[in-house]
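For this chain, numbers begin at 1 and follow the sequence in order. Given the structure is predicted, the values throughout are model-derived calculations rather than measurements.
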Amino acid sequence: MKMKDYAADHIFSFLCLTVSGLLVSSLLWLLEIPIVFILFVESILFTAFLCAFLYDYLRRRKFYNQLWEILERLEEKR
């Protein structure tokens, strides 16, 4: 499984992250929170999403690689 394919499958998640990030930053801006703190909150949200995304990708990649190896061994036995 390639990272590009996995990212394309999760385009809706990226869209949700973008919309929620814009909403949070807009609300904080309306509350007159300094821009440094707004950027800090956005970076925390982005980092959390990126960690979850990478964890899920690596977990699925390992599974699909193992599955691919099993299928190759089955083809060799024929």
Tell me whether [Y] is reachable from [X] by hopping between hydrophobic residues (I, L, V, M, F, W, Y) whose side-chain heavy atoms are closer than 4.5 Å.
X   : Y   : result
L17 : F40 : no
V36 : L39 : yes
W68 : L58 : no
L22 : L45 : no

Please give me the minimum heavy-atom distance between [X] and [Y], naming the atom from each residue.
X   : Y   : answer
S13 : F49 : CB-CZ, 3.8 Å
V24 : V41 : CG1-CG1, 4.0 Å
I38 : I33 : CD1-O, 3.5 Å

Any chance you could measure [X], atom [atom1], to [Y], atom [atom2], to the nearest 0.5 Å?
X   : Y   : atom1 : atom2 : value
I70 : N65 : CD1   : CG    : 11.0 Å
K4  : D9  : NZ    : CG    : 12.5 Å
S43 : L50 : OG    : CG    : 12.0 Å
L27 : L23 : CG    : CG    : 6.5 Å
W29 : L31 : CH2   : CG    : 11.0 Å
K2  : Y57 : NZ    : OH    : 10.0 Å

Query raised in the report: Do NZ/NE/NH1/NH2 and the carboxylate oxygens of R59 and D56 come within less than 4.0 Å?
Result: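 D56 and R59: salt-bridged.
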Query raised in the report: Any side-chain heavy atom of L28 sitting closer than 4.5 Å to one from F37?
Result: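 A side-chain contact under 4.5 Å is absent here.
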Report task. May I ask you to check whether H10 and Y6 place their ring centres under 6.0 Å from each other? Result ->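 Distance test on ring centres: under 6.0 Å, yes.
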Query raised in the report: Taking everything shown except F14 itself, do over 12 heavy atoms lie less than 6.0 Å from its CZ?
Result: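 Atom CZ in F14 is packed in, count exceeds 12.
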